[in-house]
Amino acid sequence: YIPTKFQRELNMRRARPYSGITIPLNNGYSAKCIPDTTMAQMGAEFDSSKLSRSKPKGIGLDYHGIPHFDDNLLNAAQVGSFAAENMKMNSDMRPIWTDAIWNNFIHELNEGHDGGPPGYRNSGKSVSKAVSWVLEHTLMSCGVGGSAEDIGDPCHMSVFSAISPWAEAIIHWTASKLSRDNTKITSIDFNPCDLQINATSRNSIEKCIPTRELVQNPYSFDLSVSYSGIEHDGLGRYGDPVNPNGDVSALREIWLLTRPGGALLLAIPRATKKMQPKTRIPIWGNGKIQVLQHREYGAERYMHILQGWEFDGFVVAGKDVIKRQPLESKMFFIARMLECSFKSNEGQPLLILRKVEDMTFNDVLSEGIWSKEKMQQFEEEYHNVTKNQNMMC
């Protein structure tokens with residue numbers, strides 16, 4: 001079943017039904033202003049221990065507590081040292097991606113370096129290994145053929161939430177190593193890049209588009225990558241509407257944008273072993289303004305946001321892909337991924353997900369309805385599967 005353009009646009013709107021509390025960037029807000037019912041639906045315990053009177057390093061806070069971008073405030077830990085020193089913002093405060101920045105990422109990869117931002121340890125190796133695995137095991141013909149004689153349909157890929165093109169560079173570099181030269185990458189963000197990379201130089205980055213454009217112009221991707229982005233959706237930190245299930249909505253949108261049988265590589269911060277299976281949201285601020293920082297995911301929230309996706313494997317600390325076992329339940333798989341990430345001190349394990357082909361969007365919506373009872377069910381299931389179980393990595 002292939003939905004019509006009208007049906008796809010309708011589904012995209014249904015994916016994010018909660019209008020939320022819109023927070024203008026020039027007004028600011030406090031976490032204290034969010035209704036208790038909204039806070040409760042976020043499925044997290046709130047950690048006030050990280051309240052700070054000083055500005056966090058990297059991306060700065062204006063006096064309202066809302067992050068803002070500045071040429072001198074780009075965080076090398078998040079975008080890479082070269083990009084932090086050389087990337088500029090245009091008049092709309094969108095990051096400008098240039099030939100120099102792109103070529104530096106490719107050069108780092110060719111020299112055998114990780115390629116990912118230093119703040120995301122081993123992220124480059126993890127993404128590269130996961131992309132290789134997907135292209136060799138799931139999307140075996142995607143992007144094959146690069147000459148004018150044998151070229152087929154492009155392999156359409158996307159990256160969600162990117163300030164610098166480090167993930168795009170790794171996807172392009174990895175696909176090229178596998179002779180998948182017929183690839184097209186779309187970068188998607190609330191604040192999309194100003195793409196000034198020469199078409200010949202970048203080869204496979206096709207365009208940067210704002211997230212809001214997805215509703216009016218639904219795309220179809222074979223492979224998507226989201227590394228450290230979904231956990232912010234709906235918390236208002238970047239001026240987005242406060243939405244208790246913003247992360248759920250984001251995963252629904254990506255599900256709709258993925259072709260049947262297509263793949264998603266997803267990395268989000270996991271909560272500590274002590275916190276499992278609950279999800280936590282650290283808070284920082286200046287005493288009066290309290291900003292919800294991001295979600296740190298427990299097993300129950302992983303299960304909640306991943307309705308409609310099949311679990312194929314995961315990567316921790318840039319090591320080889322760990323595949324899901326044939327008889328392994330989804331909760332046991334999540335618990336094993338978390339345990340392996342604890343052992344490797346990996347803060348953001350990378351999940352390899354595949355869109356379930358025989359599932360409708362109505363099925364996804366019905367399975368993803370939030371309730372306290374469902375969260376408690378997931379918590380109990382986690383405790384049951386981890387009791388006296390040997391989690392092999």
Side-chain angles (χ1 to χ4, degrees), residues 109 114-116 120 122-146 152-162 165-188 203-206 219-230 251 253-268 302 305-306 308-326 328 330 333-334 336-337 340-341 346 348-357 359:
L109 292 166
D114 180 77
Y120 305 142
N122 297 312
S123 56
K125 291 178 182 177
S126 292
V127 170
S128 183
K129 290 197 173 185
V131 169
S132 293
W133 192 92
V134 168
L135 292 179
E136 292 176 328
H137 293 84
T138 304
L139 306 174
M140 293 173 284
S141 61
C142 199
V144 174
D153 292 333
C155 192
H156 290 283
M157 305 181 182
S158 64
V159 175
F160 287 79
S161 304
W166 70 269
E168 288 84 348
I170 291 170
I171 293 172
H172 162 71
W173 183 83
T174 304
S176 297
K177 292 293 181 182
L178 297 175
S179 299
R180 306 295 181 92
D181 297 315
N182 188 16
T183 61
K184 299 295 181 184
I185 302 174
T186 300
S187 181
I188 302 165
N203 191 5
S204 60
I205 296 188
E206 190 172 27
Y219 296 81
S220 292
F221 300 115
D222 300 289
L223 171 64
S224 294
V225 176
S226 177
Y227 202 106
S228 193
I230 298 298
L251 266 297
E253 290 167 347
I254 296 176
W255 190 91
L256 287 168
L257 297 169
T258 303
R259 294 177 179 175
L264 167 64
L265 308 182
L266 176 69
I268 48 180
Y302 270 110
I305 68 174
L306 295 177
W309 297 96
E310 193 60 74
F311 301 175
D312 280 347
F314 62 86
V315 183
V316 293
K319 300 176 182 177
D320 291 337
V321 172
I322 299 175
K323 296 187 292 184
R324 181 183 176 189
Q325 299 303 310
E328 195 171 31
K330 286 189 174 182
F333 172 83
I334 290 295
R336 188 158 67 98
M337 177 198 70
C340 294
S341 70
E346 170 62 77
Q348 298 200 47
L350 183 65
L351 275 164
I352 301 175
L353 307 167
R354 177 168 37 88
K355 181 175 179 177
V356 178
E357 297 191 44
M359 196 171 192

The ring pair (Phe, Tyr, Trp, His ring centres under 6.0 Å) partners of W173 (sequence neighbours excluded) come to none
In terms of heavy-atom contacts, I322 and C340 come closest through CD1-SG, 4.3 Å
Would you check, one step at a time, whether the test side chain to side chain contact (heavy atoms under 4.5 Å, CB included) holds for S220 with H156?
CA-CA 7 Å; S220 292; H156 290 283; over 6 Å; no
Of all heavy-atom pairs linking A130 and L265, the shortest is CB-CD1, 3.7 Å
dist L350:CG -> L353:CG (nearest 0.5 Å) comes out at 8.5 Å
Applying side-chain hydrogen bond (donor to acceptor under 3.5 Å, both in side chains) to S123 and not counting sequence neighbours gives none
key: Side-chain heavy atoms of R180 within contact of V144, under 4.5 Å   = yes
By side chain to side chain contact (heavy atoms under 4.5 Å, CB included), A167 pairs with (sequence neighbours left out) V159
Residue set satisfying side-chain hydrogen bond (donor to acceptor under 3.5 Å, both in side chains) with S128, at least two apart, ordered chain then number -> T174
Side-chain (D114) to main-chain (G124) donor-acceptor, under 3.5 angstrom: yes
*Modelled atom types, side-chain donor and acceptor of T186 and S158, under 3.5 Å*: no
One should read off an interatomic distance between I205 CD1 and M157 CE, to the nearest 0.5 angstrom, of 12.5 Å
The side chain to side chain contact (heavy atoms under 4.5 Å, CB included) partners of K330 (sequence neighbours excluded) come to M303, E310, F311, R324
Sorted by chain and residue number, the ring pair (Phe, Tyr, Trp, His ring centres under 6.0 Å) partners of Y227 (sequence neighbours excluded) come out as Y120, W166
### Donor-acceptor pair, side chain of R259 and main chain of L223, under 3.5 angstrom
no
So CD of E357 and CE of M359: to nearest 0.5 Å the spacing works out to 13.5 Å
Shortest non-hydrogen pair, V134 vs A263, comes out as CG1-CB, 3.8 Å
dist L351:CG -> F333:CZ (nearest 0.5 Å) comes out at 5.5 Å
Cationic tip of K355 above W255 ring, under 6.0 Å, 45° of axis: yes
ask   = Is C155 close to K184 at the side-chain level, that is, under 4.5 Å between some pair of heavy atoms?
value = no
Applying side-chain hydrogen bond (donor to acceptor under 3.5 Å, both in side chains) to D312 and not counting sequence neighbours gives R354
Quiz prompt | Flag side-chain contact, heavy atom, 4.5 Å: Q325 against R336 | solution = yes
Applied to residues 124-139, the salt bridge (Lys or Arg N to Asp or Glu O under 4.0 Å) test, sequence neighbours excluded, yields K129-D320
Smallest heavy-atom separation, G318 atom then S126 atom, equals N-OG, 2.9 Å
Only residue of I254, I352, V356 satisfying side chain to side chain contact (heavy atoms under 4.5 Å, CB included) with W309 is I254
request  = Give the C-alpha distance, both sets of side-chain angles, the deciding distance and a yes or no for side chain to side chain contact (heavy atoms under 4.5 Å, CB included) between V131 and W133.
outcome  = CA-CA 5 Å; V131 169; W133 192 92; over 6 Å; no
Q) Is there side-chain contact between L306 and L251, with heavy atoms separated by less than 4.5 Å? A) yes
Sorted by chain and residue number, the side-chain hydrogen bond (donor to acceptor under 3.5 Å, both in side chains) partners of E168 (sequence neighbours excluded) come out as S187
Between E346 and A317 the two heavy atoms that sit nearest each other are OE1-N, 2.9 Å
d(L178 CG, S176 OG) to nearest 0.5 Å is 9.0 Å
Between the OG1 atom in T183 and the CD atom in E206, the distance rounded to the nearest 0.5 Å is 10.0 Å
Next item on the list: Dump the intermediate steps for side chain to side chain contact (heavy atoms under 4.5 Å, CB included) on Y302 and M337, then the final yes or no.
Entry: CA-CA 11 Å; Y302 270 110; M337 177 198 70; 3.7 Å; yes
>> Pair L264, T258 - check side chain to side chain contact (heavy atoms under 4.5 Å, CB included), show working.
In response: CA-CA 8 Å; L264 167 64; T258 303; 5.5 Å; no
